[in-house]
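Working notes, structure below.
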Amino acid sequence: MAQWVYIEDLKNHIGNEVELRGWLYNKRSSGKVKFLIIRDGTGFVQGVMVKGSVPSELFEQYKDLTLESSIILSGTVREEKRAPQGVELDIKDFNILQKSVDYPIPKVREDNIPDVGVLLPKRHLWIRSKKQWALLRIRDTIEKSIEDFYHERKFVRIDAPILTPSACEGSTTLFKTDYFGEPAYLSQSGQLYVEAACMSLGKVYCFGPTFRAEKSKTRRHLMEFWMVEPEIAFYELDDIMALSEEFVEYLVKRVLDERKEELLILGRDISKLEKIKRPFARITYDEAVEILKSKGLDFEWGDDFGGDEETVISESFDTPVIVHRYPAKIKPFYMKKDPKNPEVVLNMDMLAPEGYGEIIGGSQREEDYDVLLKRMQEENLSLDDYKWYLELRKYGSVPHSGFGLGIERTIVWISGIRHVREAIPFPRLLDKIYP
RNA sequence: UCCCCGGUAGCUCAACCGGUAGAGCACCUGACUGUUAAUCAGGGGGUUGGGGGUUCGAAACCCUCCCGGGGAGCCA
């Protein structure tokens with residue numbers, strides 16, 4: 001009886017008879033030679049059946065092999081230069097576990113890719129297709145790399161709560177739930193909690209889902225997305241700018257090292273990723289405004305950047321670009337004002353190149369009790385809700401800084417795709433929560 | 001909430017000035033011993049998103065509703 005192996009390991013079994021367990025991805029016939037493309041989660045491989053080399057009943061079962069039927073097959077692994085993966089399987093036998101009838105997603109064909117309106121309601125099946133498979137594997141590598149990056153640097157992971165009593169940042173809309181008769185909200189950021197945690201553990205990060213009930217309907221927005229938020233005691237703005245550069249460079253390198261095949265499946269221009277090396281460009285908000293004006297955009301100092309502005313700024317550089325020291329009035333209360341110019345705050349945004357836009361937002365936090373209290377009063381925030389947050393400034397307050405990186409936007413950029421909805425297994429979009 | 005684009009076969013799209021519905025893929029039948037989006041031959045498949053209007057005649061023009069996509073605001 002043949003040994004069950006995974007497709008990604010086939011190159012170690014050349015000449016052996018093995019068993020594959022998977023699904024039929026595609027098939028082709030040339031009369032007396034039949035080709036079956038099999039996928040098993042770890043990869044894709046072509047199986048070959050020649051008339052006369054297998055029992056004729058089996059050969060004729062080709063017609064029962066419909067797209068996405070589950071199948072167990074056995075055969076001999078053969079090195080094959082014509083095959084994209086370098087190996088093929090000479091089929092000896094196969095057994096259809098369950099025949100798939102009328103699979104709703106058409107066979108892969110570049111001139112016939114269904115509209116997302118068709119694909120999204122079939123997301124549970126769409127993720128079987130090759131590009132989605134590649135994207136989910138890249139996502140997994142990025143998530144693993146995040147863990148590795150921070151643990152290699154002695155950070156402690158802190159899981160921030162998802163159910164929270166009030167807003168973390170104030171401005172955006174929250175999903176409201178019922179907490180034993182009291183209102184509770186789904187977290188839109190773990191930041192306030194990692195600020196508390198870094199006073200216990202020094203270098204911390206949280207990594208989990210966040211929720212924004214904004215009526216956003218663009219390729220950059222999800223209602224539920226994942227964010228990693230490092231926060232470090234005694235770090236100032238320059239320290240987190242350096243950390244964010246090291247972090248993003250690391251993520252890109254790991255994907256290049258471990259998921260090149262997947263990037264090629266997605267048609268990514270890898271040379272663009274190979275340019276992602278420190279130092280990244282760093283400019284002030286003021287300098288960014290100058291770039292916009294020199295490119296002929298109508299832009300007033302004091303406004304926030306929209307999608308168009310981000311695109312123009314990021315396209316001016318080959319690396320990601322950090323824009324720092326934004327006008328205080330467009331930024332949240334917890335950001336520390338620049339002692340050299342109180343009109344601006346000690347914050348940083350990182351824009352991915354090629355027009356992909358913002359992937360990181362961060363800042364040095366206000367650590368002075370009185371200054372923070374005044375800022376909160378100006379914003380009309382509930383001091384009861386934030387009493388614990390203010391207490392962090394009463395008992396051994398220190399300078400501290402952190403940032404948040406959006407996982408899906410990072411995947412979109414590194415993978416070179418268009419829309420965040422393909423960067424998460426089951427996207428939650430405006431008015432769309434199925435499947 | 002606002003702005004823009006779209007809805008024709010299972011999927012992707014075409015149909016000129018308003019003249020009565022067409023192709024590729026998929027599916028079914030057949031051919032083919034090396035296909036990589038296989039190819040070739042044949043076949044079935046439509047209340048043109050719903051309703052109303054203009055017209056001798058509407059997929060096309062007008063009104064309205066529904067659905068989908070993109071963007072603004074907000075942000076990662």
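Heavy-atom basis, side chains included; hydrogens, waters and symmetry copies ignored. Residue numbers begin at 1 in each chain, while the letters A, B, ... track the order of the sequences.
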Please table the atom pairs, donor to acceptor, closer than 3.5 Å between any side-chain atom in residues 295-307 of chain A and protein atoms at least two apart or in another chain.
residue: A:K295; atom: NZ; partner: A:S316; partner atom: OG; Å: 3.1
residue: A:W301; atom: NE1; partner: A:D286; partner atom: OD1; Å: 2.8

Would you list the atom pairs, donor with acceptor, under 3.5 Å between side chains in residues 326-333 of chain A and any protein atom, with sequence neighbours excluded?
residue: A:Y326; atom: OH; partner: A:D349; partner atom: OD2; Å: 3.3

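Listed candidates were B:rG70, B:rC74, B:rC75. Nearest to the side chain of A:H419 is B:rG70. Closest to the side chain of A:M227, from the set B:rC11, B:rA76, B:rG73, is B:rA76. Across B:rC11, B:rC74, B:rC75, the shortest atom-to-atom separation from the side chain of A:N112 is found for B:rC11. Side-chain proximity of A:K432 to the nucleotides B:rC75, B:rG34, B:rG69 is greatest for B:rG69. Each of B:rG34, B:rC75, B:rC11 was ranked by its minimum atom distance to the side chain of A:E80; first place goes to B:rG34. In the set B:rG71, B:rC11, B:rG34, the nucleotide with an atom closest to the side chain of A:V118 is B:rC11. Of the candidates B:rU12, B:rC75, B:rG69, the closest approach to any side-chain atom of A:R212 belongs to B:rC75.
The separation between A:Y434 atom OH and B:rG68 atom C1' is 17 Å, rounded to whole Å. Following rounding to the nearest Å, A:D90 (CG) and B:rU33 (P) show an atom-to-atom distance of 18 Å. Between the P atom of B:rG70 and the CD1 atom of A:I417 lies a distance of 13 Å, rounded to the nearest Å. Regarding A:L65, its CG atom lies at a distance of 21 Å from the P atom of B:rU35, rounded to whole Å. Atom CG in A:L119 sits roughly 15 Å away from atom C1' in B:rA26 (whole-Å rounding). In this entry the distance linking CZ of A:R421 with P of B:rA76 reads 21 Å, nearest Å.
Between A:H13 and A:Y6, the gap from one ring centroid to the other reaches at least 6.0 Å.
Residue contacts for A:D115: at a heavy-atom cut-off of 4.0 Å it reaches the sugar-phosphate backbone alone, with no base atom in range. If you check every strand for non-hydrogen atoms under 4.0 Å, A:G31 touches a base. Contacts of A:Q85 with the nucleic acid, taken as non-hydrogen atoms under 4.0 Å apart, are absent. Among the heavy atoms of the strands lying under 4.0 Å from A:V116 are primed sugar atoms or P, OP1, OP2 only; no base atom is included. No engagement by A:T210 is indicated, since no non-hydrogen atom pair under 4.0 Å with the nucleic acid exists. At a threshold of 4.0 angstrom between heavy atoms, the contacts of A:L405 with the nucleic acid are absent.
Once rounded to the nearest 0.5 Å, the distance linking CD of A:Q132 with CG of A:L266 reads 8.5 Å. Once rounded to the nearest 0.5 Å, the distance linking CZ of A:F403 with CD1 of A:I322 reads 9.0 Å.
Electrostatic pairing of A:E249 and A:K253 does not count as a salt bridge here, judged by no charged N lying under 4.0 Å from a carboxylate O.
Regarding the sugar-base torsion, B:rC17 falls in the syn class, its angle being within 90° of 0.
A:E231 and A:Q191 share no donor-acceptor pair across their side chains, judged by distance under 3.5 Å alone. With hydrogens and angles left out, the side-chain atoms of A:E214 and A:H221 include no donor and acceptor closer than 3.5 Å. Side-chain contact, A:T319 with A:K275: no donor N or O sits under 3.5 Å from an acceptor N or O.
When side chains are defined from C-beta on, A:R325 counts as touching A:L346, because their heavy atoms get closer than 4.5 Å.
Look at A:R219 and you'll find a side-chain N or O under 4.0 angstrom from OP1 or OP2 of B:rG71. An OP1 or OP2 oxygen of B:rA72 is reached within less than 4.0 angstrom by a side-chain nitrogen or oxygen of A:R220.
Nucleotides B:rC61 and B:rG19 place their C1' atoms 15 Å apart, quoted to the nearest Å.
At a cut-off of 3.5 angstrom, the base of B:rC32 holds no donor-acceptor pair with the side chain of A:R28. Residue A:S216 places a side-chain atom within donor-acceptor reach of the base of B:rC74, judged by atom type and a 3.5 Å distance cut-off alone.
In the region residues 341-362 of chain A, proximity to RNA chain B at under 4.0 angstrom, judged on heavy atoms, holds for A:E358, A:I359, A:I360. A heavy-atom distance below 4.0 Å to RNA chain B is reached by these residues of residues 34-59 of chain A, ordered by number: A:F35, A:Q46, A:V50.
Applying the ring-ring contact (aromatic ring centres under 6.0 Å, His included) rule to pairs touching residues 36-79 of chain A yields A:Y25-A:F44, A:F44-A:W133, sequence neighbours excluded.
In this structure, A:R428 fails the cation-pi test against A:F175, since its NZ or CZ atom is not both closer than 6.0 Å to the six-membered ring centre and inside 45 degrees of the ring normal.
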Q) If pairs are Watson-Crick or G-U with both distances under 3.5 Å, what is the dot-bracket string of RNA chain B, marking crossing pairs with [ ] and pairs to another strand with |? A) (((((((..((((.....[..)))).(((((.......))))).....(((((..]....))))))))))))....

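Of the residues A:R39, A:K99, A:K122, the one that meets the salt bridge (charged side-chain N to carboxylate O under 4.0 Å, His left out) test with A:E68 is A:R39.
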